[in-house]
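Only one structure is covered here, and it is reproduced in the block below.
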Amino acid sequence: MTDHTLARADEVLTELTELIETARTLPMSSSCVVPRERTLDLLDALREVLPPELAEARRVVAQRDLTLSEADRLAEEQLRQAQEQAQATVNAADAQARTVLDAAERQAQLSVSAAAEQAHELVEAGRREQGQLVSAASVHQAAVSEAARLRAEAEQQCQAMLAAAHAQAESLTSQAHEYAHSTLSELVDNLHRLAATAENGRNAISQQPPPAI
């Protein structure tokens, strides 16, 4: 940009500033009323003195805006694709998690059922064992009672047998004594008779005369 161009641009800008500063203000407002034609003329004059680089700059800016717009579009597209992919990943993860959760719930249910069945079997086994123990205790008690009864009967039988044996022994003893007494009495009688016979014989002999020598 040449010095003349710069001076002209500064002149136009100064005139625009004075035009705005001297413009009539609207009541109860900070706005003002400027002459439209004069303002447009000054803007056209300013556009004419602007260097060609400004047009290039505008093109670059437009290209930049287009590039930024395209970048925004690409970014939005990539963001949309990323969101869709993330959502798909989340859905797949949810489905897999649901599958794993369902499998875990089924396994847990099976484990609970197996544990409940095992507990029921243990309870039933305990009840059967308790019943057997109670039955064994009853049998033991019955055996003890039966043994006591048999022992009492044996003792009674033993006492009866001892009493009978004592009675038989006493009877035999008594009979033996009676037999011995009878035998001895008979023997004494026989001896008395023999003694009497002997005495009679001796007396008879003594009463006979002695034989001649």
Side-chain angles (χ1 to χ4, degrees), residues 1-2 5-6 9-10 12-13 16-17 19-21 23 25-37 39-151:
M1 181 180 289
T2 62
T5 303
L6 289 175
D10 183 66
V12 172
L13 290 173
L16 280 171
T17 303
L19 181 64
I20 295 172
E21 288 178 349
T25 58
L26 294 175
M28 307 296 291
S29 173
S30 61
S31 299
C32 61
V33 178
V34 295
R36 181 177 182 179
E37 293 299 331
T39 303
L40 291 175
D41 291 341
L42 290 174
L43 290 175
D44 290 338
L46 182 61
R47 184 178 294 108
E48 288 176 357
V49 298
L50 290 177
E53 289 82 0
L54 184 58
E56 181 63 19
R58 289 176 179 173
R59 190 189 63 79
V60 171
V61 170
Q63 184 63 36
R64 184 202 61 182
D65 294 340
L66 181 62
T67 302
L68 291 176
S69 177
E70 182 65 17
D72 290 340
R73 189 188 64 79
L74 291 176
E76 291 178 357
E77 180 63 20
Q78 291 179 357
L79 178 60
R80 184 185 61 79
Q81 293 178 357
Q83 289 176 345
E84 291 179 353
Q85 185 176 0
Q87 186 62 42
T89 302
V90 170
N91 294 337
D94 288 342
Q96 186 175 3
R98 173 53 56 187
T99 301
V100 172
L101 183 59
D102 291 342
E105 289 179 351
R106 289 194 296 272
Q107 184 63 35
Q109 187 63 35
L110 291 176
S111 298
V112 170
S113 299
E117 184 177 357
Q118 186 176 5
H120 178 71
E121 291 178 355
L122 289 175
V123 170
E124 292 299 327
R127 288 177 178 174
R128 289 194 296 271
E129 186 175 358
Q130 183 181 9
Q132 291 175 356
L133 290 175
V134 172
S135 178
S138 300
V139 171
H140 176 73
Q141 186 63 33
V144 170
S145 300
E146 183 64 17
R149 187 184 66 79
L150 292 175
R151 178 178 295 175

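Worth saying up front: this structure is predicted, and the values here are computed from it rather than measured. Numbering of residues begins at 1 and proceeds along the displayed sequence.
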Side chains of residues 125-142: which donor-acceptor partners sit under 3.5 Å, not counting sequence neighbours?
{"from": "R127", "atom 1": "NH1", "to": "E124", "atom 2": "OE2", "distance (Å)": "3.4"}
{"from": "S138", "atom 1": "OG", "to": "V134", "atom 2": "O", "distance (Å)": "2.9"}

Show me the side-chain donor-acceptor pairs of residues 84-102 shorter than 3.5 Å, one per line, residues at least two apart or across chains.
{"from": "E84", "atom 1": "OE1", "to": "R80", "atom 2": "NH1", "distance (Å)": "3.2"}
{"from": "E84", "atom 1": "OE2", "to": "R80", "atom 2": "NH1", "distance (Å)": "2.4"}
{"from": "Q87", "atom 1": "NE2", "to": "N91", "atom 2": "OD1", "distance (Å)": "3.0"}
{"from": "T89", "atom 1": "OG1", "to": "Q85", "atom 2": "O", "distance (Å)": "2.7"}
{"from": "N91", "atom 1": "ND2", "to": "Q87", "atom 2": "O", "distance (Å)": "3.1"}
{"from": "T99", "atom 1": "OG1", "to": "A95", "atom 2": "O", "distance (Å)": "2.9"}

Scan the side chains in residues 106-117 for donor-acceptor partners under 3.5 Å anywhere in the protein, sequence neighbours excluded, and list what turns up.
{"from": "S111", "atom 1": "OG", "to": "Q107", "atom 2": "O", "distance (Å)": "2.9"}
{"from": "S113", "atom 1": "OG", "to": "Q109", "atom 2": "O", "distance (Å)": "2.9"}

A23: partners by side-chain contact (heavy atoms from CB on, under 4.5 Å), with sequence neighbours left out: C32, V34
side-chain contact (heavy atoms from CB on, under 4.5 Å) partners for S31, two or more places apart: L26, S29
Within residues 132-147 or reaching into it, pairs that qualify as salt bridge (charged side-chain N to carboxylate O under 4.0 Å, His left out) - sequence neighbours excluded: E146-R149
Listed partners of Q83 passing side-chain hydrogen bond (donor to acceptor under 3.5 Å, both in side chains), at least two apart: none
Using residues 60-74 as the side-chain source, report each donor-acceptor pair under 3.5 Å to any protein atom, sequence neighbours left out, with the distance given to one decimal.
{"from": "T67", "atom 1": "OG1", "to": "Q63", "atom 2": "O", "distance (Å)": "2.7"}
{"from": "E70", "atom 1": "OE1", "to": "R73", "atom 2": "NE", "distance (Å)": "3.2"}
{"from": "E70", "atom 1": "OE2", "to": "R73", "atom 2": "NE", "distance (Å)": "3.3"}
{"from": "E70", "atom 1": "OE2", "to": "R73", "atom 2": "NH2", "distance (Å)": "2.3"}

L43 and T39, any side-chain heavy atoms less than 4.5 Å apart: yes
